[in-house]
K.L.:
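I am attaching a structure below and will ask some questions about it afterwards.
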Amino acid sequence: TVNELAGYGIVDAGKAYLPKEIFSWEGLLTFKGFIMMAVGGFLVGFGTRYADGCTSGHAISGLSNFQLSSLTAVIGFFIGGLLVTYFVLPYLLAL
């Protein structure tokens, strides 16, 4: 993972808790950083409303109550996370 992130220009992955190329004011004030934050914020809000709750609420409370809708939502969260990690994020970091 560290070598793959180095290919995207994130050189301090594994050395710092949060890579400063992504998690800093300088990174946020770029076009790519602003788009990632704005689109990410919209998707979090939309997903929370669409799934009738947040990820931790479904995973902790919903699954402990054996709710089928929470199981479906959690499976969707994992699939969505995998798709974004392997297909969307590499494209965004390469911009």
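Note that the structure is predicted; figures quoted are calculated from it, not measured.
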K.L.:
Look up atom OG1 in Thr72 and atom CD in Gln67, then write down how far apart they are to the nearest 0.5 Å.
P.N.:
10.5 Å
K.L.:
More than 12 foreign heavy atoms under 6.0 Å from CD of Glu4: is that the case here?
P.N.:
no
K.L.:
Honestly curious: do Phe78 and Val88 fall in one hydrophobic cluster under the side-chain, below-4.5 Å linking rule?
P.N.:
no
K.L.:
Using side-chain contact (heavy atoms from CB on, under 4.5 Å) as the criterion, list what pairs up with Ser56, not counting sequence neighbours.
P.N.:
Cys54, Ile60
K.L.:
Does Ser64 reach the main-chain N or O of Ser61 with its side chain, forming a donor-acceptor pair under 3.5 Å?
P.N.:
yes
K.L.:
Residues in side-chain contact (heavy atoms from CB on, under 4.5 Å) with Leu82, at least two apart?
P.N.:
Tyr86
K.L.:
Looking only at non-hydrogen atoms, find the nearest pair between Ser70 and Gly62 and report the distance.
P.N.:
OG-CA, 3.2 Å
K.L.:
Taking Leu68 as the starting point, is it possible to reach Val74 by hopping between hydrophobic residues whose side chains are less than 4.5 Å apart?
P.N.:
yes
K.L.:
Show me, pair by pair, the donor-acceptor contacts under 3.5 angstrom made by side chains of residues 26-47, not counting sequence neighbours?
P.N.:
residue	atom	partner	partner atom	Å
Thr30	OG1	Gly27	O	2.8
Thr30	OG1	Gly33	N	3.1
Lys32	NZ	Leu93	O	3.4

